[in-house]
Amino acid sequence: MYRTHNCGALRMEHVGQEVSLSGWVQVGRDFGGLTFVDLRDRYGITQLVFDQDDDAALAERARKLGREFVIKVAGTVRERTNKNPNRATGDIEIEVKELTILNASKVPPFTIEEETDGGDDLRMQYRYLDLRRPPLQRNIIFRSKLAIETRKYLAEQNFVEVETPFLIKSTPEGARDFVVPSRMNEGQFYALPQSPQTFKQILMVAGYDRYFQIVKCFRDEDLRADRQPEFTQIDCEMAFVTQEEVLATFEGLTKHLFKTTLGIDLPDFPHMQYDDAMRLYGSDKPDLRFDMPIYELNDLAQNKGFKVFDSVELVAGICAEGQANLTRKQVDQLTDWVKRPQIGAKGLVYVKYNEDGSFKSSVDKFFDTEALQSWADHMGAKPGDLLLILAGGDEKTRKQLGELRLEMGRRMDLMKPGDFKPLWVVDFPLLEWDEESERFHAMHHPFTSPKASEVDRMLNGDHETMKSLKADAYDLVINGAEIGGGSIRIHDRALQEKNFKLLGFTEEEAEAQFGFLMGAFEYGAPPHGGIAFGFDRLCAVLNGQSSIRDFIAFPKNNQGRDMMIDAPAPVAKEQLEELNLEVTWEEEKEA
Ligand code: ASP
């Protein structure tokens, strides 16, 4: 028997018992005749003691143990004289009588501790060592719990877990596909699913009523810390539902997950119109841990002789509470910050509403105290506050102010850990006009239904009308992160055809790609809708972290590489021949 207990189990009540433990050597320490070894497994750390006076040979072997050796010990639990209150097993230690080395270990390339000294790439290369570290073990175990609780909740609500295929045809979630060549169908390729979207709709046509799956999705996008080429969704679909019923179900799931993993009771989630989110926060995923909304100043600031303001579509600002005392240098820094290419503002106007009621601004030459007072009043400012104002095109300026708002939130420390502010953003536009390509894109995806009240306008309206169509589409946002998105779907062939046409598909293209779905709509498709949660991001947000990578056991790096198995990699010539593929890249590179 390798162990009677794990390394996190023993307490005062076990004192006197003969036990055996197995695990990894965290660290060894020699004190004269005593050798202490911390033995670790995923449950905790237990202190072992080897006494020179009791068994000199055994103590000598203990002194030779290296970090990460795998050992088995047997001995007696005893009370520690020098207790460690920071450790669950800190009241006891094991007086070891037997030691077996199950496996030696090379010296690991970085420390296996709470904080490590290893760089990103090294830790990814030795992922098995990084995964031994307590913070990653907590994350991966948290993730497991989240998945189990998701299944429990949805099963309780009559959802059926159905697996959908990975070798499929292109799915239109708006990213690039990963493709897989087919040996049996020469010259043809599968695409890995960007999501199970069409399959879950087909399951509704097939009468399964409520579907879910915790499923891998594959999108070949440029990567950032919060993106991975393969990621996991809690994917769901429901038949015979309105938008409100979908939202209620998944608000219920979210509350259940917060309660069972963090012990937090979330209040009901507010609903915010997409238009309001953009207008007030310059973002379709507002962080509501603090307010600081955008105020329009056109009426108060235009046509007063300041050309920069007069020539633009929008003058607007935010009010940073208590920030009037920023130094000149700090304001200059903010100006540089908004001028960075990522934000792209031309400049920043500030108005300090000083504690003594006076004003100091960068536009004093153009606006008198009365004017500045009227801005402050309009923006709800009090003495001591700082107004930050941008001017330009409407949409662009609001987005810039949205970014500036978040930056001020960070600088003012307004995003408190442990504070969770979920909301539903609803009534997204159906279509998005892309100036560059001069065509419509689906704001969500091509299967999203316009609001019932919009169908007429969609079928009969002109080009401008199409820009203003609203969809039954919604996102769940928590603390400024998009956790999930979904929609009520089109379930009628004619409307689906019309949507494809608006999106620039020819009839033939639509038929070739999605004929199976439109065909299914002709055999009794029920009204249906659904949602998908980004599971990795949900894990990260629940833990107040921004990178999803630490919640994925085997993630890819920023180049999409798995550093441990070293993938992607070339394949053997025979494999290519079997697939009838030729790789010309090497030759081109050499040429
Ligand atoms: N398939 C969608 C997505 O991956 C979610 C949905 O509409 O249910 O974003």
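Order of listing sets the numbers, starting from 1, for every ligand and every atom in it.
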Check: [Y] and [X] side chains under 4.5 Å, non-hydrogen atoms:
X      : Y      : result
Val426 : Gln243 : yes
Met272 : Val477 : no
Tyr190 : Ser182 : yes
Pro450 : Arg457 : no

Is Gln201 touching ligand 1 with its side chain, its backbone, both, or neither, if touching means heavy atoms under 4.0 Å apart?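 Neither part.
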
Ala532 and ligand 1 - part of the residue with a heavy-atom distance under 4.0 Å: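 It is both parts that get close, each with some atom under 4.0 Å.
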
Knowing that exactly one of Asn558, Asn139, Asn557, Asp536 qualifies, which makes a side-chain hydrogen bond (donor to acceptor under 3.5 Å, both in side chains) with Arg549?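 The residue from Asn558, Asn139, Asn557, Asp536 that satisfies side-chain hydrogen bond (donor to acceptor under 3.5 Å, both in side chains) with Arg549 turns out to be Asn558.
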
Against heavy atoms of Gln233, which atoms of ligand 1 measure under 4.0 Å?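 The atoms of ligand 1 under 4.0 Å from a heavy atom of Gln233 are 3 (C), 4 (O).
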
Please state whether Arg219 comes within less than 4.0 angstrom of ligand 1, counting heavy atoms only.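 Arg219: in contact with ligand 1 (<4.0 Å).
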
Does at least one non-hydrogen atom of Gln194 fall below 4.0 angstrom from an atom of ligand 1?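 No heavy atom of Gln194 comes that close to ligand 1.
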
Which residue supplies the protein heavy atom nearest to atom 5 (C) of ligand 1, what is that atom called, and how far is it?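 Scanning the protein heavy atoms, the shortest distance from atom 5 (C) of ligand 1 goes to Gly485 O, 3.4 Å.
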
Nearest neighbour in protein (non-hydrogen) for atom 9 (O) of ligand 1: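 Answer for atom 9 (O) of ligand 1: Glu173 OE1, 3.7 Å.
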
Is any side-chain N of the basic residue among Lys399 and Glu403 closer than 4.0 Å to the acidic one's carboxylate O?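 The answer is no: the pair does not qualify as a salt bridge.
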
Below 3.5 angstrom, do we get any N/O pair linking Glu237 and ligand 1?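 No, Glu237 has no N/O under 3.5 Å of an N/O on ligand 1.
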
What I want to know is whether Asp235 and ligand 1 share at least one N or O pair that is separated by under 3.5 angstrom.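 No, since none of the N or O atoms of Asp235 sits under 3.5 Å from an N or O of ligand 1.
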
